[in-house]
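Shown next, in structure tokens, is the structure this report addresses.
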Amino acid sequence: MLVERAVRIAVEAGLEPVVAVVREADLIAPLQALGALVVLNRKALEGMATSIHAGLRTLPAAGVEGAVLMTCDQVMLTAAHLQSLSRVRDQITGSRYAKRIGVPAYFPAATFGSLSQLQGDEGARSLLREAAAVVNEDLALDIDTEDDLLRARTLLEAESRS
């Protein structure tokens with residue numbers, strides 16, 4: 001399952017706490033077993049921003065320097081890439097692929113107010129336009145269609161054989 005893989009990579013990267021925002025209750029127990037704090041987003045159909053808001057509300061008020069926002073469908077994501085995003089703790093740092101900056105991305109705690117103001121399905125795109133970035137063209141592959149899934153399976157199988 002894609003979301004389980006994403007949680008495992010975040011845990012492997014040493015991100016803490018790992019908060020998984022889901023829209024299906026049957027995902028809660030498996031993700032908790034992996035060590036994630038799981039939030040059920042009943043407003044998910046209103047847009048990506050509702051998941052960002054739900055995740056931010058779960059973070060402890062003290063002691064969190066920042067947050068890495070990510071999706072679960074970027075199958076080529078690695079723990080090393082996640083770690084590289086938060087090396088500079090006081091700046092927004094996104095991932096550059098396909099000629100744009102996107103998620104996964106690190107947001108320092110000082111930006112949580114701006115993240116809380118996001119609306120609809122744009123996600124954090126507006127905050128990433130001028131952000132620093134770590135290049136990783138492998139992240140351009142995400143799972144949106146059956147063809148994407150087949151391509152990802154082929155790449156992952158080849159990677160596991162080498």
Side-chain angles (χ1 to χ4, degrees), residues 1-22 31 34-39 47-56 58-60 63-145 147-149 151-162:
M1 178 178 331
L2 292 173
V3 69
E4 288 177 345
R5 182 181 184 284
V7 167
R8 281 193 302 275
I9 290 169
V11 169
E12 181 184 329
L15 302 181
E16 193 177 359
V18 173
V19 177
V21 180
V22 300
L31 297 177
L34 294 172
L37 299 172
V38 185
V39 179
M48 198 179 318
T50 64
S51 291
I52 294 169
H53 300 163
L56 286 174
T58 304
L59 293 176
V64 175
E65 293 181 43
V68 173
L69 299 184
M70 56 189 277
T71 61
C72 67
D73 65 348
Q74 291 176 305
V75 296
M76 302 307 287
L77 180 64
T78 64
H81 182 79
L82 291 178
Q83 291 167 338
S84 69
L85 293 172
S86 59
R87 286 206 174 105
V88 180
R89 299 286 181 152
D90 62 348
Q91 73 180 16
I92 298 173
T93 305
S95 299
R96 180 177 294 283
Y97 50 90
K99 299 180 183 175
R100 66 181 180 92
I101 301 173
V103 294
Y106 173 79
F107 294 87
T111 65
F112 289 0
S114 296
L115 288 168
S116 296
Q117 300 301 313
L118 297 173
Q119 299 293 317
D121 209 30
E122 183 177 329
R125 190 175 313 137
S126 61
L127 300 175
L128 291 169
R129 284 193 183 103
E130 302 299 321
V134 177
V135 177
N136 186 340
E137 286 298 330
D138 290 341
L139 297 175
L141 173 62
D142 63 6
I143 308 299
D144 293 326
T145 67
D147 286 341
D148 294 338
L149 181 59
R151 187 167 154 230
R153 281 186 179 151
T154 301
L155 286 170
L156 291 172
E157 287 170 3
E159 182 180 278
S160 69
R161 285 191 295 264
S162 53

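Index from 1, following the sequence.
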Is there a side-chain contact between I9 and V7 (heavy atoms, below 4.5 Å)? no
Atom CZ of R125 and atom CG of L128: how far apart are they, to the nearest 0.5 Å? 9.5 Å
Out of V19, V21, V18, which one pairs with L37 under the side-chain contact (heavy atoms from CB on, under 4.5 Å) rule? V19
Just wondering, more than 12 heavy atoms not from E137 lying within 6.0 Å of its CD? yes
Return the minimal non-hydrogen interatomic distance between Q91 and A132, and the atom names on each side. NE2-CB, 3.3 Å
Would you compute the distance between atom CZ of R8 and atom CG of L31 and round it to the nearest 0.5 angstrom? 9.5 Å
Atom CD1 in I92, atom CG in L69: separation rounded to 0.5 Å? 10.0 Å
Do the side chains of H81 and L139 get nearer than 4.5 Å, heavy atoms only? yes
Table please: side-chain donor-acceptor pairs of residues 99-111 below 3.5 Å, with sequence neighbours left out.
from	atom 1	to	atom 2	distance (Å)
Y106	OH	E65	O	3.4
Y106	OH	R89	O	3.1
T111	OG1	P108	O	2.6

Compare every heavy atom of Q119 with every heavy atom of H53, then report the nearest pair and how far apart it is. CE1-NE2, 4.5 Å
Separation between CD (Q117) and CD1 (I52), nearest 0.5 Å, reads 12.5 Å
Least distance between heavy atoms, L59 atom then P17 atom: CD2-CG, 4.1 Å
What's the separation between atom CG in D138 and atom OG in S95, rounded to the nearest 0.5 Å? 11.5 Å
Closest heavy-atom pair and its distance - Y97, N136: CB-O, 3.4 Å
If you take all heavy atoms of G123 and M48, which pair is closest and at what distance? CA-SD, 3.9 Å
Contacts of S86 that satisfy side-chain hydrogen bond (donor to acceptor under 3.5 Å, both in side chains) - sequence neighbours left out: none
Side-chain touch L34/V11, heavy atoms, less than 4.5 angstrom: no
Sorted by chain and number, sequence neighbours left out, side-chain hydrogen bond (donor to acceptor under 3.5 Å, both in side chains) with D73 holds for T71
I'd like to know whether S126 forms a side-chain contact (heavy atoms from CB on, under 4.5 Å) with L118, so could you lay out the CA-CA distance, the side-chain angles of the two residues, the decisive distance to 0.1 Å, and finally the verdict. CA-CA 9 Å; S126 61; L118 297 173; 3.9 Å; yes
To the nearest 0.5 Å, tell me how far R5 CZ sits from Q74 CD. 10.0 Å
